[in-house]
Each structure stands twice: as structure tokens, then as C-alpha cells.
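What follows is a set of notes on a single structure, which appears directly below.
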Amino acid sequence: MSHSDETAPRGMGAPTVYGAVLDASTRCIHFHSERDIVAIKFACCRRYYPCFQCHDEAVRHERTPHATRRWPQAEWSELAILCGACHRQLSISEYRRVDRCSHCNAEFNSGCRLHAHLYFDEPQ
């Protein structure tokens, strides 16, 4: 799969994943371990990206760049996490409670929790 802003793992109506996507499991040029199989829908643009770096790079190339917005806790019921293994969407709340996909049992990268503050407003 090429490094395109429109590269999209598709299957069963899976949403498009934007950014420097490497494969159908939503790995990107920045994060591509066996467990890096999550794409996150950004609250600001409602587009899925494999990581914050892919989002930021894409935004810099937009005609009118937008500011990144994190998901407020009141919206954590939103389906905003895409499992790259089965292409099912999970709510933010569900994703934050698990270390595996609740649909296919694929293991997620636990290191992603270190970046949670970039995607989600953390409780005080």
C-alpha cells in the first residue's frame, strides 16, 4: 500500500483512514509494530488517522489548516476508534478500558496510553 493521504483499509464498510498508512491494519510510517493497529477519529475534523503525527502532517498541507481538538470526556461514547484487525469501531470509553479489541480480540499497543492526552481530554 502506498503512502497516500487517501490510503484506506477497506472492508465491510470500514471508514477511510488518512495519513501515511502502510497497510490494511492501519499501521503508519510513525507507528508500525505488530500491535499498532488502531486508528483514531479526530474530534476536530472527524477523520480517522493512525496517529497524531499523521494528522498533524496532513493538516499542515490543507488549504486552510485547522487546530487539533481533543475529545472531551462528555463525548467519549462516540465511535472514534477503529480496530485495524477487524475494522470495527469502538467507543472511546470502551477503548480506554481494554487492551484488546472486544470484537476480534486483537491486542492493542499498551504504549498508546502514553499519547492519550493528545487525543482525549484527561479527567482532572
Side-chain angles (χ1 to χ4, degrees):
M1 201 175 279
S2 67
H3 305 302
S4 152
D5 280 1
E6 300 284 334
T7 302
R10 305 298 288 199
M12 296 173 34
T16 299
V17 177
Y18 297 86
V21 183
L22 293 176
D23 63 21
S25 296
T26 74
R27 291 177 189 91
C28 70
I29 62 171
H30 307 105
F31 298 96
H32 45 81
S33 78
E34 184 178 314
R35 294 184 189 131
D36 288 316
I37 58 167
V38 168
I40 299 173
K41 185 190 302 179
F42 278 71
C44 47
C45 55
R46 305 292 180 174
R47 287 180 151 187
Y48 276 100
Y49 287 91
C51 75
F52 65 94
Q53 290 171 288
C54 284
H55 175 267
D56 292 350
E57 288 170 3
V59 168
R60 278 196 300 271
H61 293 86
E62 290 179 350
R63 179 172 281 164
T64 308
H66 64 268
T68 302
R69 185 174 76 85
R70 295 184 311 249
W71 287 101
Q73 195 169 6
E75 296 179 32
W76 286 6
S77 60
E78 177 85 20
L79 294 177
I81 308 300
L82 181 66
C83 173
C86 69
H87 301 122
R88 298 285 297 268
Q89 296 180 78
L90 292 79
S91 72
I92 296 165
S93 294
E94 179 181 7
Y95 171 69
R96 292 178 55 90
R97 286 191 312 266
V98 301
D99 59 1
R100 305 177 163 275
C101 178
S102 58
H103 301 285
C104 71
N105 207 36
E107 189 173 3
F108 298 146
N109 185 343
S110 61
C112 292
R113 295 183 194 286
L114 299 173
H115 302 139
H117 66 283
L118 299 170
Y119 306 103
F120 317 116
D121 280 339
E122 296 292 309
Q124 300 298 322

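Residues passing the ring-ring contact (aromatic ring centres under 6.0 Å, His included) test with His55 are Phe42, Tyr49, His66, sequence neighbours excluded. Under the side-chain contact (heavy atoms from CB on, under 4.5 Å) criterion, Asn109 pairs with Ser33, Arg35, Asp36, Cys112, sequence neighbours left out. With sequence neighbours left out, the side-chain hydrogen bond (donor to acceptor under 3.5 Å, both in side chains) criterion links Tyr48 to Gln89. Scanning for ring-ring contact (aromatic ring centres under 6.0 Å, His included) contacts around His115 gives Phe31, Phe52, with sequence neighbours left out. Scored by the side-chain contact (heavy atoms from CB on, under 4.5 Å) test, Arg113 finds Asp99 as partners (sequence neighbours excluded). Listed by chain and residue number, His30 satisfy the side-chain hydrogen bond (donor to acceptor under 3.5 Å, both in side chains) test with Glu57 (two or more places apart in sequence, or in another chain).
In this structure, Arg46 contributes its side chain and Lys41 its backbone to no donor-acceptor pair below 3.5 Å.
Counting heavy atoms from C-beta outward, Asp121 and Gln73 have side chains that stay 4.5 Å or more apart. Side-chain atoms of Tyr119 and Cys51, non-hydrogen and from C-beta on, do get closer than 4.5 Å to each other. Residues Ser91 and Trp76 are not in side-chain contact: their nearest non-hydrogen atoms beyond the backbone lie 4.5 Å or more apart.
Ala116 and Arg96 get closest at one heavy-atom pair: CB-NH1, 3.7 Å. Nearest heavy-atom pair, Trp71 versus Glu78, reported as atom, atom and distance to 0.1 Å: CH2-CG, 3.4 Å. Between Ile37 and Thr26, the closest heavy-atom pair is C-OG1, 3.3 Å. Residues Val21 and Asp23 share a closest heavy-atom pair of CG1-O, 3.3 Å. For His87 against Gly84, the heavy-atom pair with the smallest separation is NE2-O, 3.3 Å. Pairing each heavy atom of Cys104 with each of Cys83, the nearest pair is SG-SG, 3.8 Å.
Between atom CD of residue Glu94 and atom CG of residue Leu79 there is a gap of 8.5 Å, rounded to the nearest 0.5 Å. One distance of note links CZ of Arg97 with OG of Ser102; it measures 8.5 Å at 0.5 Å rounding.
Put simply, Val59 and Val17 are part of two different groups of oily side chains (I, L, V, M, F, W, Y) that touch within less than 4.5 Å, one to the next. Side-chain heavy atoms closer than 4.5 Å link hydrophobic residues (I, L, V, M, F, W, Y) into clusters, and following such links, possibly through other members, connects Val98 to Ile81.
Atom CD of Glu62 has more than 12 neighbouring heavy atoms from other residues, nucleotides or ligands inside a 6.0 Å radius.
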